[in-house]
Amino acid sequence: MDPFFLWLESTSLSVWTRESTSVFAFPAILSAHAIGMGLAAGINAALALHLLGVGPGIPVRELRRFIPFMWIGFWLNAVSGVVLLISYPTKALTNPVFYLKLSLIACAMWIFFVIDRRVLRDPASEISEPFGTRTLAIGSLICWAGAITSGRLLAYTYSRLLVDW
Amino acid sequence: MVNFQIWLVSTLARATPIREFMHTKWGWPAAESLHFIGLSLLVGTISVFDLRLLGLAKRVPIAALHRLVPWGLVGYGITAGTGALFLMAEPDQYVYNPAFHLKVLFMLVAGLNASAFYLTSYRRTTAPGASADAPPAARIIAAASLFLWISVIIAGRLLTFYRPWPCGPAGPGFLAQCLPGYVR
């Protein structure tokens with residue numbers, strides 16, 4: 001994989017995000033990644049809290065209105081995450097914790113789709129197989145908390161920063 | 001101001017057990033993870049409430065959605081608590097950091113803005129039979145809240161890039177301030 005990492009690290013986008021002292025380079029990308037995290041993980045958490053009984057007077061179907069903002073956060077993070085990956089590919093892709101983070105996000109988004117399809121669109125079918133609504137909500141909270149934690153740990157667990165480092 | 005900063009740093013630095021805990025292998029990463037989890041809880045619940053005040057999902061009663069706000073406060077408590085741990089572990093990294101000054105300023109204004117909601121609009125928007133449309137004052141407060149919390153996040157992310165370093169003859173490094181008492 002090293003030749004691929006080396007090529008990625010030599011692309012102008014990678015060099016720019018790593019070496020630019022502009023506040024619009026790394027600082028702006030990290031800020032976008034944190035804002036997107038707040039929206040994606042946070043709105044999913046709000047959804048999960050409601051399914052666990054917070055705000056019983058909220059018509060569950062109407063919560064779908066907030067989902068576009070969850071997607072704004074998700075895509076903000078997908079794009080900023082890819083840029084961060086391009087700036088330090090060796091650092092992320094040689095670290096098992098990075099794959100754990102991606103798996104946890106995949107798990108969280110799978111739960112989101114199940115909640116959206118079975119609970120938000122069709123509240124009548126709330127007791128759904130194979131998982132109940134409560135299980136899905138708790139699973140969502142655990143997956144997002146795990147994704148955030150493993151994301152944070154990336155700064156502490158990498159073994160190689162760049163190919164030539 | 002510098003005298004106040006020096007006093008604040010030496011006062012905060014007295015929390016020796018906290019500094020020692022934070023410098024253990026897992027102390028700092030664990031606190032950071034909780035800081036980000038609390039941030040997400042805060043931003044998720046508060047942004048949903050703000051968006052509702054701005055006119056999204058009008059069929060959701062504002063009073064019902066307000067039940068999420070205490071969970072935003074839980075998020076705030078987690079974030080502020082872990083934030084205090086960072087501050088006590090490395091006070092000079094924050095007290096002399098312009099990004100931290102901005103962050104505290106935005107947090108204070110966000111707090112005043114939230115108080116303004118409870119003083120001017122809470123009763124009107126959550127009373128039984130309240131209109132589905134929030135009054136203009138509440139909408140302005142909601143828009144300001146979204147702007148302010150995003151600004152708090154940005155200032156927080158910029159902390160790393162505005163860290164003060166003891167400056168050598170070459171002057172400050174990348175975007176950094178010099179610590180007082182060192183060559184400028």
Side-chain angles (χ1 to χ4, degrees), chain A residues 19-23 25-50 52-70 72-73 80 97 141-142 144-157, chain B residues 25-26 28-52 55-72 74-75 78-79 99 126 146 149-162 173-176:
Chain A
E19 295 179 3
S20 171
T21 54
S22 164
V23 78
F26 223 71
I29 298 162
L30 281 180
S31 298
H33 209 62
I35 294 165
M37 175 195 76
L39 286 176
I43 293 178
N44 270 298
L47 213 58
L49 286 172
H50 174 64
L52 290 170
V54 177
I58 301 170
V60 72
R61 200 190 285 260
E62 293 299 313
L63 283 177
R64 294 198 77 229
R65 303 262 178 186
F66 297 102
I67 288 176
F69 291 88
M70 191 286 287
I72 289 173
S80 57
V97 179
L141 291 172
I142 291 172
W144 284 112
I148 292 170
T149 303
S150 50
R152 217 35 289 206
L153 293 182
L154 292 178
Y156 300 91
T157 51
Chain B
K25 194 177 178 195
W26 291 102
W28 203 283
E32 277 187 339
S33 300
L34 282 172
H35 198 67
F36 277 45
I37 289 168
L39 175 166
S40 300
L41 193 55
L42 170 70
V43 169
T45 50
I46 300 304
S47 67
V48 162
F49 189 68
D50 287 338
L51 288 167
R52 171 61 189 87
L56 191 72
K58 283 189 186 170
R59 276 187 238 166
V60 179
I62 293 173
L65 205 60
H66 187 266
R67 297 287 187 93
L68 284 173
V69 172
W71 288 89
V74 170
I78 295 170
T79 316
T126 58
L146 288 171
W149 287 115
I150 287 173
S151 304
V152 170
I153 296 177
I154 293 173
R157 272 303 11 188
L158 291 182
L159 284 171
T160 324
F161 302 95
Y162 288 86
F174 172 49
L175 296 175

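Naming: A, B, ... by sequence-line order, numbering from 1 per chain. Computed from a predicted structure; not experimentally measured. Just the heavy atoms: all of them, side chains too, but no hydrogens, waters or symmetry mates, feed the values below.
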Testing B:L39, B:V43, B:I153 for side chain to side chain contact (heavy atoms under 4.5 Å, CB included) with A:M37, which one passes?
B:L39
What residue, out of B:A30, B:G72, B:S47, B:A64, has the most heavy-atom pairs lying under 4.5 Å from chain A?
B:A64
With the side chain counted from C-beta on, respond yes when A:R65 and B:R59 share a heavy-atom pair under 4.5 Å apart, and no when they do not.
yes
Pick one of side chain, backbone, both or neither for A:A34, based on which atoms fall under 4.5 Å of a heavy atom in chain B.
both
I'd like to know which of A:A46, A:G57, A:G38 tops the heavy-atom pair count under 4.5 Å against chain B.
A:G38
Please tell me if the side chains of A:P59 and B:P61 come closer than 4.5 Å, counting only heavy atoms from C-beta onward.
yes
Mind ranking A:A41, A:G151, A:A145 by heavy-atom pairs under 4.5 Å with chain B and telling me who comes out on top?
A:A145
Heavy-atom pairs under 4.5 Å with chain A, option from B:T45, B:I150, B:L56 with the top count
B:L56
Most heavy-atom pairs under 4.5 Å with chain B, out of A:I43, A:I58, A:L141, A:N44, belong to A:I58
Hey, could you give me the CG/CG distance between A:L30 and B:L158, rounded to the nearest 0.5 Å?
9.0 Å
Sort out for me which of B:R157, B:R67, B:K25 touches chain A most, counting heavy-atom pairs under 4.5 Å.
B:R157
Going from CG on A:L39 to CG on B:L146, what distance comes out if it is rounded to the nearest 0.5 angstrom?
8.5 Å
Less than 4.5 Å apart, side chain to side chain, heavy atoms only: is that true for A:L153 and B:W26?
yes
Note: B:S40 and A:I148 closest approach over all heavy atoms is OG-CD1, 3.4 Å
Rounded to the nearest 0.5 Å, how far apart are CG of B:L65 and CG of A:L63?
7.0 Å
On a heavy-atom basis, the closest approach of A:F66 and B:V48 is CE2-O, 3.3 Å
Would you compute the distance between atom CG of A:L49 and atom CH2 of B:W71 and round it to the nearest 0.5 angstrom?
5.5 Å
